[in-house]
Amino acid sequence: MAIEKIMVIGAGQMGTGIAQVCAQAGYLCVIHDITVEQVERGISSIEKNLLRQVSKGKLSEQEKATIVNRISASTNLEDSVECQLIIEAAVENMEVKKSIFRQLSELTKEGTILATNTSSLPITELASVTSCPEKVIGMHFMNPVPVMRLVEIIRGLATSVETYEAIKEITLKLGKVPVEVNDFPGFISNRILMPMINEAIFALYEGVATKEAIDEIMKLGMNHPMGPLTLADFIGLDTCLYIMETLHDGFGDDKYRPCPLLRKYVNAGWLGKKTGKGFYLYE
Ligand code: NAI
């Protein structure tokens with residue numbers, strides 16, 4: 001099935017980034033979220049991003065308008081019937097994702113590919129609630145999507161070769177680099193990244209150093225573009241906690257135990273940049 005129209009589910013920081021790159025690559029794109037306000041906020045953040053590219057001379061006003069015109073809003077999952085590819089980027093919670101995939105399995109036309117941008121959850125388990133597990137695949141973009149080139153592609157146990165090939169081709173069309181991995185908790189990216197972030201939070205929790213010192217050491221000492229606590233704020237502390245829980249449950253090994261300080265911040269609603277407060281304060 002030729003892919004012309006894509007639905008992106010979840011108009012948060014990842015969903016809006018994914019919708020933007022899809023529209024920029026020429027695809028029609030429907031952004032779906034629970035409320036009209038969330039979808040509108042998502043679309044206006046795309047417009048702001050594109051405006052920044054216009055002011056830098058990377059995009060003309062006309063090109064910006066064309067890209068924005070390719071994007072439409074939805075709060076009704078039934079709109080997925082018009083799309084050949086669905087990329088789900090709702091919260092990192094298995095029950096929420098299963099409920100979405102169950103509905104998509106009923107609503108979409110035969111042949112529609114159901115991709116998820118999950119950071120860590122098993123693709124095979126998610127696919128099991130659908131009637132088309134061969135069409136379910138992990139398509140894990142990095143944050144911020146318009147800037148980062150990697151897409152980690154995760155094949156579930158039943159994912160077909162055709163589905164994998166179609167997603168690989170689209171990833172290349174989006175100007176990204178696909179890298180294939182197998183379906184294990186956290187895949188490769190977060191299996192390696194998230195324990196480092198969790199360890200940085202433990203170091204803060206145990207008073208080994210200040211947050212600024214921890215970030216400065218990892219930036220200057222390891223040549224990372226930003227420190228792990230800043231990065232955690234950018235990812236979202238709720239997402240970090242979900243990922244650590246997935247690793248902990250999935251491997252049953254205490255080396256993945258989420259730091260109590262991470263849990264405390266999430267319980268306080270300090271989720272990082274998206275809520276204005278995490279390890280640092282944001283405007
Ligand atoms: P976010 O919190 O910014 O956005 C999540 C959005 O999903 C919200 O707008 C929320 O209203 C919406 N949502 C929740 N339940 C929904 C439902 N039932 N139907 C439709 N929309 C629903 O989260 P973010 O950071 O965009 O993450 C989304 C997904 O992308 C998660 O699975 C996360 O693990 C993954 N991811 C996140 C990265 C990051 O750096 N934040 C990087 C790569 C993947």
Side-chain angles (χ1 to χ4, degrees), residues 7-21 30-46 49 73-80 86-104 107 114-123 125-126 129 137-154 171 176 179 181 185-194 197 225-226 228-247 266 269-276 278 282:
M7 175 180 263
V8 178
I9 299 178
Q13 48 182 352
M14 292 305 290
T16 52
I18 296 167
Q20 181 184 322
V21 296
V30 187
I31 306 193
H32 169 90
D33 208 305
I34 306 166
T35 65
V36 175
E37 292 73 38
Q38 271 149 329
V39 181
E40 280 175 354
R41 206 178 44 210
I43 293 180
S44 83
S45 91
I46 295 176
N49 255 341
S74 159
T75 50
N76 186 350
L77 216 47
E78 286 179 17
D79 296 331
S80 61
I86 318 292
I87 306 176
E88 173 277 318
V91 283
E92 187 72 349
N93 176 299
M94 186 51 117
E95 288 320 307
V96 172
K97 290 192 193 293
K98 274 187 176 168
S99 154
I100 292 171
F101 272 68
R102 238 180 247 119
Q103 294 176 67
L104 290 174
L107 295 170
L114 308 182
T116 171
N117 183 50
T118 178
S119 302
S120 61
L121 296 166
I123 308 303
E125 186 179 338
L126 199 50
V129 303
I137 191 160
M139 192 180 188
H140 183 208
F141 290 83
M142 304 293 127
N143 186 13
V145 182
V147 178
M148 301 294 283
R149 292 187 65 215
L150 175 71
V151 178
E152 197 176 28
I153 300 186
I154 308 105
T171 302
K176 308 282 182 203
V179 180
V181 307
F187 320 126
I188 287 295
S189 52
N190 281 313
R191 181 174 179 164
I192 296 173
L193 171 69
M194 213 40 81
I197 288 178
M226 64 177 81
L229 300 173
T230 305
L231 180 56
D233 272 357
F234 272 86
I235 293 170
L237 301 188
D238 51 343
T239 302
C240 293
L241 179 59
Y242 282 135
I243 296 170
M244 284 313 296
E245 284 172 339
T246 303
L247 292 171
V266 172
W270 299 1
L271 307 184
K273 191 164 179 275
K274 65 183 166 187
T275 55
Y282 302 86

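Atom set for the values below is all heavy atoms of this structure, side chains included, hydrogens, waters and symmetry mates excluded. Quick caveat, the model's predicted, so the values are computed rather than measured. Note that ligands are numbered from 1 as they come in the structure, with each ligand's atoms numbered from 1 the same way.
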* Tell me, please, which residues at least two apart from Asp33 pass side chain to side chain contact (heavy atoms under 4.5 Å, CB included). => Ala11, Gln38, Val39
Report, one line per pair, each donor and acceptor closer than 3.5 Å where one atom sits in a side chain of residues 231-243; sequence neighbours left out.
unit_1: Asp233; atom_1: OD1; unit_2: Phe279; atom_2: N; d: 2.9
unit_1: Asp233; atom_1: OD2; unit_2: Phe279; atom_2: N; d: 3.1
unit_1: Asp233; atom_1: OD2; unit_2: Tyr280; atom_2: N; d: 3.0
unit_1: Asp233; atom_1: OD2; unit_2: Tyr282; atom_2: OH; d: 2.6
unit_1: Asp238; atom_1: OD1; unit_2: Lys274; atom_2: NZ; d: 3.0
unit_1: Asp238; atom_1: OD2; unit_2: Lys274; atom_2: NZ; d: 3.2

* Taking the side chain as every heavy atom from C-beta outward, state whether Gln20 and Val145 have any pair of such atoms under 4.5 Å apart. => no
* Flag the pair Glu78 / Gln103 as yes when at least one side-chain heavy-atom distance between them is below 4.5 Å, and no otherwise. => no
* Structure fact -> Those residues with a heavy-atom separation under 4.0 Å from ligand 1 are Ile9, Gly10, Ala11, Gly12, Gln13, Met14, His32, Asp33, Ile34, Gln38, Ala89, Ala90, Val91, Glu92, Val96, Lys97, Ile100, Asn117, Thr118, Ser119, His140, Phe141, Asn143, Ile235, Thr239, Lys274
* To do: Mind checking salt bridge (charged side-chain N to carboxylate O under 4.0 Å, His left out) for Glu152 and listing every partner two or more places apart, or none if nothing turns up?
  => none
* Structure fact -> Value for NE2 (His140) from CD1 (Ile188), rounded to nearest 0.5 Å, stands at 12.0 Å
